[in-house]
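Have a look at the structure below before the remarks.
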Amino acid sequence: MHAVKVHEIKRNYNKVEALKGVSFEVRPGEIFGIIGPDGAGKTTLFRILTTLLLADSGTAIVDGNDVVKDFKEIRKKVGYMPGRFSLYQDLTVEENLTIFASIFKTTIEENYHLIKDIYQQIEPFKNRRAGALSGGMKQKLALSCALIHKPVILFLDEPTTGVDPVSRKEFWEMLANLKREGITILVSTPYMDEANLCDRIALIREGSFLKIDSPQNIVNQYSKRLWSVRSNDMSRLLKDLRTHKNIMTCFAFGDTHHVTVNQEKPSGEEDRFGFKDLKDFLEEKSHSEIEITAIDAGIEDCFMELAN
Amino acid sequence: MKVIEAENLTKKFGQFVAVDNISFQVEKGEIFGFLGANGAGKTTAMRMLCGLSKPTSGQGKVAGFDIEQQPEKVKANIGYMSQKFALYEDLRVWENLRLYGGIYGIPSREINEKIHAALAQLGIENEKDTMVKSLPLGWKQKLAFSTAIFHDPKIVFLDEPTGGVDPLARRQFWELIYEAADRGITVFVTTHYMDEAEYCNRVSVMVDGKIEALDSPKNLKKQFDAKNMDQIFHQLARKATRGNN
């Protein structure tokens, strides 16, 4: 049985097509990432799967239950951490957790092992009002509250947005621990570099999935030839590269530029367009310290190719 | 010419030292990356530099004006854009620019011409009459940047301007930043994307209210024996003792 099975879900807001018919399945125990920019439809999808919003058409089954007919069953079994902090600001840390536990007819003690690693970090502040916590502590409290009833499936909507790289890494370490407890995790993120921490991902853009697969398979299927290029003047290099007819796309990636290359030369010439040809071209444009290497694509390269 | 001069700038909230004696300078036309973990003190420092919060001690000059004595002059000579783009959703594209032009006291006869130039630069002349709420996110972000620099400020502060936008739009946005810097506008930018730190001329990293590193990305990588900015950030931010846990 699939943990989640979605078939042709569509949802409009007036004239805006937020979801244009998405279908996918999530296997029990996997971390499934929904990866794409703001406005792609991630939150709409999460709200439909957590039975907080009705789709216009299509079906969705969560842990064997239909999101429309069996919504009450689903609400008992899933944990949901919305993108916006939604706990009770005027209650203390401990009071928030107690409320969530009692709503789900359990106690903090009963499932303490699940939240222990996370909750211990905020326990020293358990008498502080939730509204007075720092961003990182709020995030940990929200995750604890979403976990306290031992959900079968955990829905995390952009848990790391606006979070610095170090705290993001710590958060993903917590998710890996929860996976070991057998919890299925659906997580959305706009950060492409988090794709590799998921078992499988769906790349989403403008209400449609561009691709669903493991990060490794997506990267392996990248069809273009990709080079990394550097020189002494990176800003001018970007413009110069774009003028060359064999360079199809050129974008900045940190301290290097990634270019996709068409290696065909005009008829009559035997060899293919290579490093030497590009280097000659750049030297002619008076670049120095030129470095060109062939590289494997990352998820961000793939997203840009698929979105094109 | 220096556009920012901060000297022993400090901000305390009660016992808590949010910004701890920071000193640095930013040159005209420079793209300056202001990094740090959540809670390191970036926002507090930025609020002082924008004339919104008075330093507890130390001093600062921004765009030639003293942040404590002449905060209104500072505000008139800077641009600011946050992740929550401050655009009016129910106004048309040109109306947003018109409004900001008026607020910053640009003479009416110049405004129309400037609106035309700004939209041409973004390549969205055809969207002049579109309500901002129906623009795609990537365009909104570029429009927000255009409004932030509409009055030709000496410096523009960008607070996580690219959070959540798609990879292509993120890169196009950085090309706008380069163009602004080429025109002599100083850019002061915070980001959680470490690849974007590489696009800055110089980068500072704040830890527990102090600036722990400040140099060009190239020199920082040498200094910390790191392959990329991400490694440097992790090395430094892991040292934090206060903050966000």
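Below, chains carry the letters A, B, ... as their sequence lines are ordered, and counting in each starts from 1. Computed from a prediction, not measured in an experiment: that's the story for all the values here.
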Item to complete: Could you tell me how the ring of Phe173(B) sits relative to the ring of Phe145(B): parallel (under 30°), tilted (30 to 60°) or perpendicular (over 60°)?
Response: perpendicular
Practice prompt. Sort Leu238(A) into side chain, backbone, both or neither according to what part of it lies under 4.5 angstrom from a heavy atom of chain B.
Written response: side chain
Worksheet item: Among Gly254(A), Pro190(A), Pro124(A), which residue forms the greatest number of heavy-atom pairs with chain B at distances under 4.5 Å?
Response: Gly254(A)
Worksheet item: What part of Glu160(B) is in contact with chain A, defined as an atom under 4.5 angstrom from a non-hydrogen atom: side chain, backbone, both or neither?
Response: side chain
Worksheet item: Looking only at heavy atoms, which two atoms of Ala252(A) and Arg171(B) are closest? And how far apart?
Response: O-NE, 2.5 Å
Item to complete: Below 4.5 Å from any heavy atom of chain A, which atoms of Asp230(B) appear? Answer side chain, backbone, both or neither.
Response: side chain
Discussion item. Just to verify, which of Ile211(B), Thr190(B), Thr191(B) counts as forming a side chain to side chain contact (heavy atoms under 4.5 Å, CB included) with Leu35(B)?
Written reply: Thr191(B)
Fill in: Residue Glu175(B) versus chain A: region with a heavy atom under 4.5 Å
side chain
Worksheet entry | Region of Pro217(B) that comes under 4.5 Å of a non-hydrogen atom in chain A | neither
Fill in: Pair Lys42(B) + Asp164(A): basic N to acidic O under 4.0 Å
no
Item to complete: Check whether Phe303(A) gets within reach of chain B through its side chain, its backbone, both or neither, counting any heavy atom under 4.5 Å.
Response: side chain
Worksheet item: So which of Leu168(B), Asp182(B), Val165(B) has the largest heavy-atom pair count under 4.5 angstrom toward chain A?
Response: Leu168(B)
Response to the item:
Per-residue tally against chain B (heavy atom, under 4.5 Å) across Met234(A), Lys169(A), Lys138(A) peaks at Lys169(A)
Worksheet item: Aromatic rings Phe24(B) and Phe32(B): how do their planes relate, parallel, tilted or perpendicular, breaks at 30° and 60°?
Response: parallel
Worksheet item: Got Leu143(A) and Phe171(A) here, is their nearest side-chain heavy-atom distance under 4.5 Å?
Response: yes
Item to complete: Using a 4.5 Å cut-off on heavy atoms from C-beta on, say whether the side chain of Lys28(B) contacts that of Val3(B).
Response: yes
Discussion item. Please classify the contact of Leu137(B) with chain A as side chain, backbone, both or neither, using a heavy-atom distance under 4.5 Å.
Written reply: side chain
